[in-house]
Amino acid sequence: MYFERYKEHPEAKINPSLLWEYDLSKFDYGQMRSVVVQRVVERGWPDDWYAALNMYGLEEFRNIVKGLPYLNDKDMNFVSIVFEIPLEELKCYMKKQSQPAHWKS
């Protein structure tokens, strides 16, 4: 796994700019874990990944990723490969597959 050494970075913190629209003095990282994980996947640097993995643990992080309603194709494929999650187990992938495609002209 790409982030297998996340436990070696206990000092890592999530960059506040990822959650710019929230008041972080009142922010509940447990309740808002889906938002945090989605932002880390979409825009995070390695320290953000390490912090999120340390905060939630590898299995919980994988479960949160599986339940995310939207990821772009690049991020969806990245988490599928890195965390060894079949695309069919990702909610965002199944949601995308169930939407009818536009006719091409």
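Heavy-atom basis, side chains included; hydrogens, waters and symmetry copies ignored.
Shown here are the ring pair (Phe, Tyr, Trp, His ring centres under 6.0 Å) partners of Tyr50, two or more places apart in sequence or in another chain: His9. In this structure, the side-chain hydrogen bond (donor to acceptor under 3.5 Å, both in side chains) partners of Lys66, at least two apart in sequence or on a different chain, are Glu89.
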**Request:** Begin from the C-alpha positions of Val41 and Phe78 and carry the test side-chain contact (heavy atoms from CB on, under 4.5 Å) through to its verdict.
**Result:** CA-CA 9 Å; Val41 169; Phe78 178 78; 5.6 Å; no

**Message:** Set out, in order, the CA-CA distance, both residues' side-chain angles and the distance that settles side-chain contact (heavy atoms from CB on, under 4.5 Å) for Met32 and Leu19, then state yes or no.
**Reply:** CA-CA 11 Å; Met32 300 292 284; Leu19 304 165; over 6 Å; no

**Item:** Test side-chain contact (heavy atoms from CB on, under 4.5 Å) applied to Leu71 and Glu42, step by step
**Value:** CA-CA 8 Å; Leu71 286 174; Glu42 292 174 340; 4.2 Å; yes

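The structure places CG of Asp28 at 12.0 Å from OH of Tyr22, a figure rounded to the nearest 0.5 Å. Note that the CE atom of Met55 and the CD atom of Glu60 stand 12.0 Å from one another [nearest 0.5 Å]. Interatomic distance, CD1 of Ile64 versus CD of Gln38, reported as 11.5 Å (0.5 Å rounding). Taking CD1 of Ile85 as the start and CE of Met76 as the end, the distance is 12.0 Å to the nearest 0.5 Å. Rounded to the nearest 0.5 angstrom, Asn54 CG and Glu11 CD are separated by 8.5 Å.
Relative ring orientation between Trp49 and Phe61 is described as tilted, the plane-to-plane angle lying within the 30° to 60° band.
The shortest side-chain heavy-atom distance between Asn63 and Tyr56 does not fall under the 4.5 Å cut-off. Leu24 places a side-chain heavy atom less than 4.5 Å from the side chain of Tyr29. Leu68 is not listed as a side-chain neighbour of Leu90, based on a closest heavy-atom distance of 4.5 Å or more. Counting heavy atoms from C-beta outward, Asp73 and Lys96 have side chains that approach closer than 4.5 Å.
We find that Arg39 and Asp48 are not joined by a salt bridge, their nearest charged nitrogen and carboxylate oxygen being 4.0 Å or further apart.
Minimum heavy-atom separation, Lys13 to Ala51: C-CB, 3.6 Å.
No chain of hydrophobic side-chain contacts below 4.5 Å, direct or via other Ile, Leu, Val, Met, Phe, Trp or Tyr residues, connects Val40 to Tyr70.
In terms of modelled atom types and a separation under 3.5 Å, the side chain of Arg33 and the main chain of Ala52 share no donor-acceptor contact. Between the side chain of Arg43 and the main chain of Leu18, no donor-acceptor pair closer than 3.5 Å is present.
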